[in-house]
Amino acid sequence: MAQTLTIRNDVPGNSSTPNLYGLMYEDINRCGDSGIYAQMLRNWNFQANDTGGAADLEFWNVLGGDKAASIALDAKHGLNDINTNSLRLDVKSVSDGRVGISNEGWWGIRVQPDETYKASFFAKASDGFSGPLNVTLESSSGTVLASASVDGLSDTFQKFNVELKADVKEVSTDNVFGVSVDSKDAEGKSLWFQVFTLFGDTYNDRENGLRPDLAETLKGLNPHFFRFPGGNNLEGMSIDQRWKWNETVGPLEERKGRFGNWEYWNTNGQGLLDYMYLTEDLGMTPVLDVWAGYALDDSSVPEDELEPYIEEVMNELEYLMGDTSTEYGKLRAEHGREEPFEIPYIEIGNEDWFSTTYEYRYRAFYDAITAKYPDAKIISTAAQESRPYDLIDDHFYVTSAEMIDKFNYYDNYARSGNGSGIFVGEFATNTKGCCGTSPASMEAALADSVFITGLERNSDFVKMIAYAPYIKRHEQEQWDPDMIHFDTEKVWVAPFYYVMQMYNKYDFDTILQVDADGINFGPLYWVAGSNKEKNQIYVKAVNVGGDEQSVSFNFKGLNVKKNGEAHIVAGQPDDENTIDSPDTIQPKTSKFKTSNKSSLDYTFEPYSATVLVLDIN
Ligand SMILES: *[C@@H]1O[C@H](CO)[C@@H](O)[C@H](O)[C@H]1NC(C)=O
Ligand SMILES: *[C@@H]1O[C@H](CO)[C@@H](O)[C@H](O)[C@H]1NC(C)=O
Ligand SMILES: *[C@@H]1O[C@H](CO)[C@@H](O)[C@H](O)[C@H]1NC(C)=O
Ligand SMILES: *[C@@H]1O[C@H](CO)[C@@H](O)[C@H](O)[C@H]1NC(C)=O
Ligand SMILES: *[C@@H]1O[C@H](CO)[C@@H](O)[C@H](O)[C@H]1NC(C)=O
Ligand SMILES: *[C@@H]1O[C@H](CO)[C@@H](O)[C@H](O)[C@H]1NC(C)=O
């Protein structure tokens, strides 16, 4: 029997929410430090070791050999109250050439043609040694790729800045950053160092900014909102280890790192204000997640002790939204940003269905926040009955069969109640089951595509959609699947990236009714909508089966033009984009012709997600 879908523009459709897709962000899978945060040095301020234990000099080495010099962590020569250690270099002999220190970076340091590197550090020296210091980017075997000299050290810490331009023809990553001396003057003397930075080019030339290739890959999705800073990583492994906004702002030498929930040290080099710049630079609306009295060791702040934590959040909000006459608005201006931000969405906590205390915690934070910011849209993370909410944040990490089954999850969901809509704040098909150990395969992409097709069918009520997690460093994954993969050299994306990109691009304002004849949902799933401004209609369809699906489309209440365009992501279920084969799944575009003004025959490829774009008269 013929499969017919009739697209109805002759009956009113529901309004769809514009700008549905955005990003959910937290530092997981080494995606922040070592990833989008473009700082290239590792263990750059000796606050703690990689797993949050006692500080050490891991990732630092002696240049010139142990006989010529030694290094030590020196707690007697701290830079300030926050950076209480320093790296001490004791120079014994320079008779065999230069001696110094080197940093391995985050699995190497990328040096590429036409890039300028900026380095900085604090340094001082004993016994009148004043320099010079030779700052280098060099291969791990010692070939110097770029160098610059600084002079004028004294017995108190000063900050030094250099620019390094490498004269290289191709990209390499097996490199280190070095600081060395070669003057006889240095022999027998000690040098102390703290708070190093090394940045290549950054996105939008932002100081302390983003690695450009990763930022461009995020921008490639054209995300409309940014939920940050977590996720679990907001919450802390204990109440005291929560993400504290005040320790993430100001000059780098005043920032305090913390042991993140994903079990590695977070430097907070990328902090609250940096996240806001990221949000602005990528043209997104901020969705600020605030700490709400619960940590992941299952401890809750008792109701009568919540006050200081509420104050902490109110200070954070004032730092972002207050003008310069306020205490924290003034602090923001001192940190370089005079103009206040707007924070239209504030989420209270994260996945609070883990706890039994959300009722009183939500109520307390809700009351304080809405009293001062009555226009803010408040997002609740779990069911509670104490106070209303604007959106509720639902998360889905399930198998492909279960995800496909959720196609109609919101179809019969009550549209009224205390909330005006749904924020699908995290989802990803985990083909091997929850959680975090499944490939970002085409199979996963197809199930995710079915799910978002269902969300778009309900986009009168589903207001925001974000996948999670988005980004992972290759071989440092703590949670698979992820959408964007990188190593020190390059970036590549999973199949679902391309589906989300095209679903987002072909954004409709009205969900059209579709009548089916001779066909049910499965293996083909669909949604249709119209975009008045562009005078187009879109049919988005996912075929999770291994056979082609031929469909006769009829259009009622509209005339389609002759030439249409299909955007397709297709492949075998096991296909993945890997480091060696990053382009296995690529989106493609093909042309088609309609039969006449009211009909189209189209055949969907096996294992595919497709957007049909039709111009209308
Ligand atoms: C970090 O320090 C802790 C405690 O001192 C220690 O147990 C752990 O092995 C260290 N981790 C690394 C990666 O060195
Ligand atoms: C730094 O040291 C390297 C290796 O000895 C040398 O080639 C380079 O010229 C030095 N750079 C400066 C600025 O002194
Ligand atoms: C940040 O604020 C919290 C209270 O909200 C306080 O406990 C902590 O000491 C502050 N951190 C710094 C470095 O001042
Ligand atoms: C709405 O909130 C009120 C309290 O403000 C609560 O009693 C009621 O159960 C809530 N209704 C829904 C549908 O969540
Ligand atoms: C519009 O939304 C209602 C639920 O509120 C639903 O019953 C109806 O099928 C939807 N119409 C379309 C065209 O999606
Ligand atoms: C349009 O084409 C379809 C399929 O070929 C056909 O069934 C229908 O009669 C045609 N309609 C018009 C108005 O020509």
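The first residue in the sequence is number 1, and the count goes up from there. Indexing begins at 1, ligand by ligand and atom by atom, following the structure's order.
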Practice problem: May I ask you to identify the nearest protein heavy atom to atom 1 (C) of ligand 6, giving residue, atom name and distance to one decimal place in Å? | Solution: Asn596 ND2, 1.4 Å
Practice problem: Would you mind checking which non-hydrogen protein atom is closest to atom 11 (N) of ligand 3, with the distance to 0.1 Å? | Solution: Glu247 OE2, 2.7 Å
Practice problem: Run the numbers for me: atoms of ligand 1, each under 4.0 Å from some heavy atom of Thr51, listed by number. | Solution: 1 (C), 8 (C), 10 (C), 11 (N), 12 (C), 13 (C)
Practice problem: Look at the rings of Trp526 and Phe521 and say which category their plane angle falls in: under 30° parallel, 30 to 60° tilted, over 60° perpendicular. | Solution: tilted
Quiz prompt | Where ligand 3 meets Glu312 - atom numbers and elements under 4.0 angstrom, heavy-atom basis | solution = 4 (C), 5 (O)
Quiz item: How long is the span from the CG atom in Leu210 to the CG atom in Leu278, to the nearest 0.5 Å?
Solution: 4.5 Å
Quiz item: What is the nearest protein non-hydrogen atom to atom 4 (C) of ligand 1, stated with its residue, atom name and distance?
Solution: Gly53 CA, 3.9 Å
Quiz item: Do any N/O atoms on Lys256 end up under 3.5 angstrom from N/O atoms on ligand 3?
Solution: no
Self-check item: Ser120 and Thr197 side chains, donor-acceptor separation under 3.5 Å
Solution: yes
Quiz item: Below 3.5 angstrom, do we get any N/O pair linking Asn246 and ligand 3?
Solution: yes
Quiz item: In terms of side-chain heavy atoms, does Asn261 have a donor or acceptor partner in Arg258 at a distance below 3.5 Å?
Solution: yes
Quiz item: Any side-chain donor-acceptor pair under 3.5 Å between Thr488 and Arg473?
Solution: yes
Quiz item: For Ser599, is at least one N or O under 3.5 Å away from an N or O on ligand 6?
Solution: yes
Practice problem: Please work out which of the three classes, parallel, tilted or perpendicular, describes the rings of Phe121 and Phe196, given edges at 30° and 60°. | Solution: tilted
Self-check item: Nearest non-hydrogen protein atom, atom 5 (O) of ligand 1
Solution: Ala54 N, 3.6 Å
Quiz prompt | From Glu305 atom CD to Ile239 atom CD1, the distance as rounded to the nearest 0.5 Å | solution = 8.5 Å
Quiz item: Would you say atom 9 (O) of ligand 6 has a protein heavy atom nearer than 4.0 Å?
Solution: no
Self-check item: Nearest non-hydrogen protein atom, atom 2 (O) of ligand 1
Solution: Asn49 ND2, 2.3 Å
Exercise. Flag the pair Asp74 and Lys76 as a salt bridge only when some basic side-chain nitrogen lies within less than 4.0 angstrom of an acidic carboxylate oxygen.
Key: no
Quiz item: Within 4.0 Å of atom 14 (O) of ligand 6 (strictly less), any protein heavy atom?
Solution: yes
Quiz item: Tell me, which protein residue and heavy-atom name are nearest atom 7 (O) of ligand 3, and how many Å apart are they?
Solution: Arg242 NH2, 4.7 Å
Quiz item: Should we count CD of Glu207 as having more than 12 external heavy atoms under 6.0 Å?
Solution: no
